Asker: 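Shown below is the structure under consideration.
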Amino acid sequence: MVLARVWSVAMHGVDGTMVEIEADLGPGVPGVHLMGLPDAALREAKERVRSAVRNSGVVWPQRQVRLALSPADLPKAGAAYDLALACGLLAAAEVVSPDSLTGVALLGELALDGRTRAVRGVLPALLAAHKAGFGTAIVPAANLAEAGLAEGIRVLGAEQLSEVLDWLRGEPHGLREPAPVTGVPTTDGPDLAEVVGQSEARWALEVAAAGGHHLLLTGPPGTGKTMLASRLPGLLPSLSPAQAIELAAVCSLAGTLPADGGLLDRPPFVDPHHSISVAALVGGGSGTARPGAVSRAHNGVLFLDEAAEFGPQRLNALRTALEDGEVRHARREGVARYPARFQLVLATNPCPCAPARDIDCTCLPRVRKQYLGRLSGPLLDRVDLRVQMRPITAIAGGASESSAVVRERVTEARERAAHRWSGHGLRANSEIPGPVLRGEHALSTAATALLERGLRSGAVSARGADRCLRVAWTLSDLAGTARPTPDHVAAALGFRERSAA
């Protein structure tokens, strides 16, 4: 009997840590001792592995088995260690050569009959294994399409534990390699041409798409708030390969990756119900922190319909993600990090009774103020564009521009912004830090005169002033001018707060 070592991966948010599993068979009462802070699911791995080994035609060693998972002080969760535990134990029993496990990362749950079962987080785990220098990984066949998205590492998919053992012995085996990676075919989403009227809101949607800005739509029911919001992803550029991989890693951990494992090339659109919990919205939960809706909307759009109904606790939980572009969950073993760089679109009625016409409102002024007051000042200060939508007064009208036409203008504006900010490693106007806006790219005194007046009067905060400058640059990009003019700054300030202009 020898001491065998095998490797798996522990996920902590989107970051993976390589876990070394040592297997030692010694004298004593036959049994299995599992060490390394396993959770309940991992503690049960002893029985799953025992049955899987026996039902794969291998004799279970009648020795005292010790399995140690290191780092010992890092909590281990889930059933993804089953395959590695089985292979390490059989290497210690000299059923397979311990040398055959060198440079191999193993992931997968085992059924009692030896079949492998899919697990979450395979893609980010393989990215971590590649970064750590591993050249080969074995995963469940059900995860093979997803695993094929990881570049730089050889991936093999197994249906049975016996196939893995045959491969480790150098015998004919049934392990498969993933098919070439392809993008998921995407159908055209809803078209902007279907929206009747609302020219100002359509223009705000275009500005939001061109600069990556957050948007608030306020108006009575039936004015097209949801229709407009659902058409924003169709105006955004396609995801780059790096962005698609980031999104796929989050979806893998959330269990929402398409079954065929293809890369999503369109920005996601996530619209949770207002009854969602804080943990489901921003991620977290008891035990292992899971990604929430804000992370599933990474590189896309998070739409909160009936935003005032979400309540202050849920809405204020978004503030850190809006500023930092990621969510961090503190746990006793460390901080789990999930990306959350999304565009926020809020839609709300002006009051609880929400009549089609303001004149028919039966709410007291105090009630209207309290209702909209659920959207806190600090949250609204992070929203760049605010639009008051009016009831539709005529169904018939001229043809509206399609999403394809607007997307062309948005793409041109984005290209101008990306070229301008390339030296800072940024692509969209909404990402530019304030010191850059006020420093090397500072506007003339004449251009910012109205904004300075708003700052002095208290109509706009310092954060709001920076956001106005970002919107002004977006308006300049859409107009094709080299720098924002006073009219662009005034329009940006008007989008933010009508009274400020």
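Every value quoted in this text rests on a predicted model; they were computed, and no experiment measured them.
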Asker: Under the 3.5 angstrom rule, does the side chain of Asn349 hit a backbone N or O of Cys351 as a donor-acceptor pair?
Answerer: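 Pair absent, no side-chain N/O of Asn349 close to backbone of Cys351.
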
Asker: Would you indicate whether the side-chain heavy atoms of Val345 and Leu302 approach each other to under 4.5 Å?
Answerer: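 Sidechains of Val345 and Leu302: no contact.
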
Asker: Mind checking the OG-CE spacing from Ser8 to Met18? Nearest 0.5 Å is all I need.
Answerer: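 Here the rounded value is 7.0 Å.
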
Asker: Taking Thr411 for its side chain and Arg407 for its backbone only, find out whether a donor-acceptor pair lies under 3.5 Å.
Answerer: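 Yes, because the side chain of Thr411 sits within donor-acceptor range (under 3.5 Å) of the backbone of Arg407.
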
Asker: Just wondering, do Val6 and Val104 contact through their side chains at under 4.5 Å, heavy atoms?
Answerer: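 Side chain of Val104 against side chain of Val6, heavy atoms only: no contact under 4.5 Å found.
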
Asker: Are Asp381 and Ser461 linked by a side-chain donor-acceptor pair shorter than 3.5 Å?
Answerer: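 The answer is yes; a qualifying pair exists.
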
Asker: So which heavy atom on Arg290 is nearest to which on His329, and how close?
Answerer: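 The pair with the smallest heavy-atom distance is O-NE2, 4.4 Å.
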
Asker: Give me the atom names and distance for the closest heavy-atom approach of Leu149 to Ile245.
Answerer: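 Closest heavy-atom pair between Leu149 and Ile245: O-CD1, 3.6 Å.
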
Asker: Within the supplied structure, the quantity of interest is the number of heavy atoms (other residues, nucleotides, ligands) at a distance under 6.0 Å from Gln370 CD; does it exceed 12?
Answerer: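 For Gln370, atom CD is crowded (more than 12 foreign heavy atoms under 6.0 Å).
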
Asker: Apply side-chain contact (heavy atoms from CB on, under 4.5 Å) to residues Glu415 and Arg427 and explain how you reach the verdict.
Answerer: CA-CA 8 Å; Glu415 290 174 352; Arg427 298 182 57 84; over 6 Å; no

Asker: What's the verdict on ring-ring contact (aromatic ring centres under 6.0 Å, His included) for His441 and Trp421, showing C-alpha distance, side-chain angles and the deciding distance?
Answerer: CA-CA 10 Å; His441 291 277; Trp421 309 119; 4.7 Å; yes

Asker: Any donor and acceptor pair, going by atom type alone, linking the side chain of Arg386 with main-chain N or O of Leu380 inside 3.5 Å?
Answerer: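 Confirmed, Arg386 side chain pairs with Leu380 backbone.
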
Asker: Sub-3.5 Å donor-acceptor pair from the side chain of Arg314 to the main-chain atoms of Val278, do we have one?
Answerer: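 No: the side chain of Arg314 does not pair with the backbone of Val278.
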
Asker: Using modelled atom types only, decide if a donor and an acceptor are shared between the side chain of Asp324 and the backbone of Glu326 within a distance under 3.5 Å.
Answerer: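 It does not hold such a pair.
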
Asker: May I ask you to decide if Asp305's main-chain N or O and Lys225's side chain share a donor-acceptor pair within less than 3.5 Å?
Answerer: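 Not a single qualifying donor-acceptor pair exists.
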
Asker: Side chains of Glu146 and Ser252 only: does a donor on one sit below 3.5 Å from an acceptor on the other?
Answerer: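 Their side chains do contain a donor-acceptor pair, which is all the 3.5 Å distance test asks for.
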
Asker: Just by distance, do the side chain of Asp39 and the backbone of Gly78 share a donor-acceptor pair under 3.5 Å?
Answerer: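 Present.
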
Asker: Can you confirm whether Asp466 sits close enough to Arg470 that some side-chain heavy atom of one is under 4.5 Å from a side-chain heavy atom of the other?
Answerer: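 Side-chain contact under 4.5 Å: yes.
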
Asker: Check this for me: does any side-chain nitrogen of one of Arg374 and Glu309 sit under 4.0 Å from a carboxylate oxygen of the other?
Answerer: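 Yes, Arg374 and Glu309 are salt-bridged.
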
Asker: Taking the side chain as every heavy atom from C-beta outward, state whether Leu106 and Leu101 have any pair of such atoms under 4.5 Å apart.
Answerer: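 Yes; the side chains approach each other to less than 4.5 Å.
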
Asker: Go through the steps to decide whether Val14 and Arg337 satisfy the test side-chain contact (heavy atoms from CB on, under 4.5 Å), and finish with yes or no.
Answerer: CA-CA 6 Å; Val14 291; Arg337 180 186 61 85; 3.5 Å; yes

Asker: Could you report the tightest heavy-atom contact between Ala105 and Phe134, atom names first, then the distance?
Answerer: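 Reported closest heavy-atom pair: N-CD2, 4.0 Å.
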
Asker: Taking C-beta and beyond as the side chain, do Phe269 and Arg231 meet within less than 4.5 Å on heavy atoms?
Answerer: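 With C-beta onward as the side chain, the pair stays apart.
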
Asker: Nearest 0.5 Å, what's the OH-CG distance between Tyr81 and Leu110?
Answerer: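 Rounded to the nearest 0.5 Å, the OH-CG separation comes to 14.5 Å.
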
Asker: Between the main-chain N or O of Pro312 and the side-chain N or O of Asn316, is there a donor-acceptor pair closer than 3.5 Å?
Answerer: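 Present.
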
Asker: Check whether any side-chain heavy atom of Leu493 lies under 4.5 Å from a side-chain heavy atom of Cys468, and answer yes or no.
Answerer: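 In short, these two side chains touch, coming nearer than 4.5 Å.
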
Asker: I need the single residue from Arg382, Arg328, Arg341 that forms a salt bridge (Lys or Arg N to Asp or Glu O under 4.0 Å) with Glu323. Which is it?
Answerer: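 Exactly one candidate clears the test, Arg382.
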
Asker: Under 3.5 Å, is there a donor-acceptor pair between the Arg414 and Asn429 side chains?
Answerer: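 Absent: no donor and acceptor within the cut-off.
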
Asker: Restricting to non-hydrogen atoms, name the atom on Pro124 and the atom on Leu253 that form the minimum distance, rounded to 0.1 Å.
Answerer: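 Pro124 and Leu253 have their closest heavy atoms at CG-CG, 3.9 Å.
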
Asker: Give, for atom CZ of Arg416 and atom CG of Asp477, the distance between the pair rounded to the nearest 0.5 Å.
Answerer: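 If I round to the nearest 0.5 Å, the distance is 6.5 Å.
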
Asker: What verdict does the side-chain contact (heavy atoms from CB on, under 4.5 Å) test give for Leu107 and Asn143, after you've listed the backbone C-alpha separation in whole Å, the side-chain angles of each residue and the deciding distance to 0.1 Å?
Answerer: CA-CA 10 Å; Leu107 296 165; Asn143 290 119; over 6 Å; no

Asker: Would you say that Leu69 contacts Met35 through its side chain, given a criterion of any heavy-atom pair below 4.5 Å between the two side chains?
Answerer: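 Heavy-atom side-chain distance check fails, nothing below 4.5 Å.
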
Asker: Check whether Arg202 reaches the backbone of Glu401 with its side chain - one donor and one acceptor, N or O, closer than 3.5 Å.
Answerer: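 Checked: pair present.
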
Asker: Any chance the side chains of Ser238 and Arg266 put a donor and an acceptor closer than 3.5 Å?
Answerer: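 On atom types as modelled, these side chains qualify, holding a pair under 3.5 Å.
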
Asker: Measure the CG-CD distance between Leu175 and Glu163 for me, rounded to the nearest 0.5 Å.
Answerer: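 Answer for the CG-CD pair, Leu175 versus Glu163, is 6.0 Å.
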
Asker: Locate the shortest heavy-atom distance separating Ala413 from Leu478; write the atom from each residue and the value.
Answerer: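 Closest heavy-atom pair between Ala413 and Leu478: CB-CD2, 3.8 Å.
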
Asker: CG of Leu239 to CD of Glu246: how many Å apart, nearest 0.5 Å?
Answerer: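 If we round to the nearest 0.5 Å, Leu239:CG and Glu246:CD are 9.5 Å apart.
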
Asker: Is there a side-chain contact (heavy atoms from CB on, under 4.5 Å) between Thr218 and Val387? Walk through the geometry before answering.
Answerer: CA-CA 6 Å; Thr218 305; Val387 179; over 6 Å; no

Asker: Please find the pair of heavy atoms, one from Phe310 and one from Ile276, that lie closest to each other, and give the distance.
Answerer: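 Minimum heavy-atom contact is CE2-CG2, 3.9 Å.
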
Asker: If you round to the nearest 0.5 Å, how far is CG of Leu281 from CZ of Arg296?
Answerer: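 Separation between the atoms: 9.5 Å.
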
Asker: Distance only, no hydrogens: is a donor on one side chain within 3.5 Å (strictly under) of an acceptor on the other, for Asp384 and Ser430?
Answerer: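 Result is no, nothing qualifies.
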
Asker: How about His12 and Thr17: does a side-chain donor come under 3.5 Å of a side-chain acceptor?
Answerer: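 No pair is found: no donor N or O on one side chain lies under 3.5 Å from an acceptor on the other.
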
Asker: Output yes when Glu159 and Arg115 qualify as a salt bridge under the 4.0 Å nitrogen-oxygen rule, no when they do not.
Answerer: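 Looking at Arg115 together with Glu159, the answer is no, because their closest N to O distance does not fall below 4.0 Å.
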
Asker: Please check if the side chain of Glu177 supplies one atom and the backbone of Leu156 the other of a donor-acceptor pair under 3.5 Å.
Answerer: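 Side chain of Glu177 to backbone of Leu156, a donor-acceptor pair under 3.5 Å: no, none is there.
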
Asker: Report yes if the side chains of Thr116 and Glu109 come closer than 4.5 Å at any heavy-atom pair, otherwise no.
Answerer: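 With C-beta onward as the side chain, the pair stays apart.
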
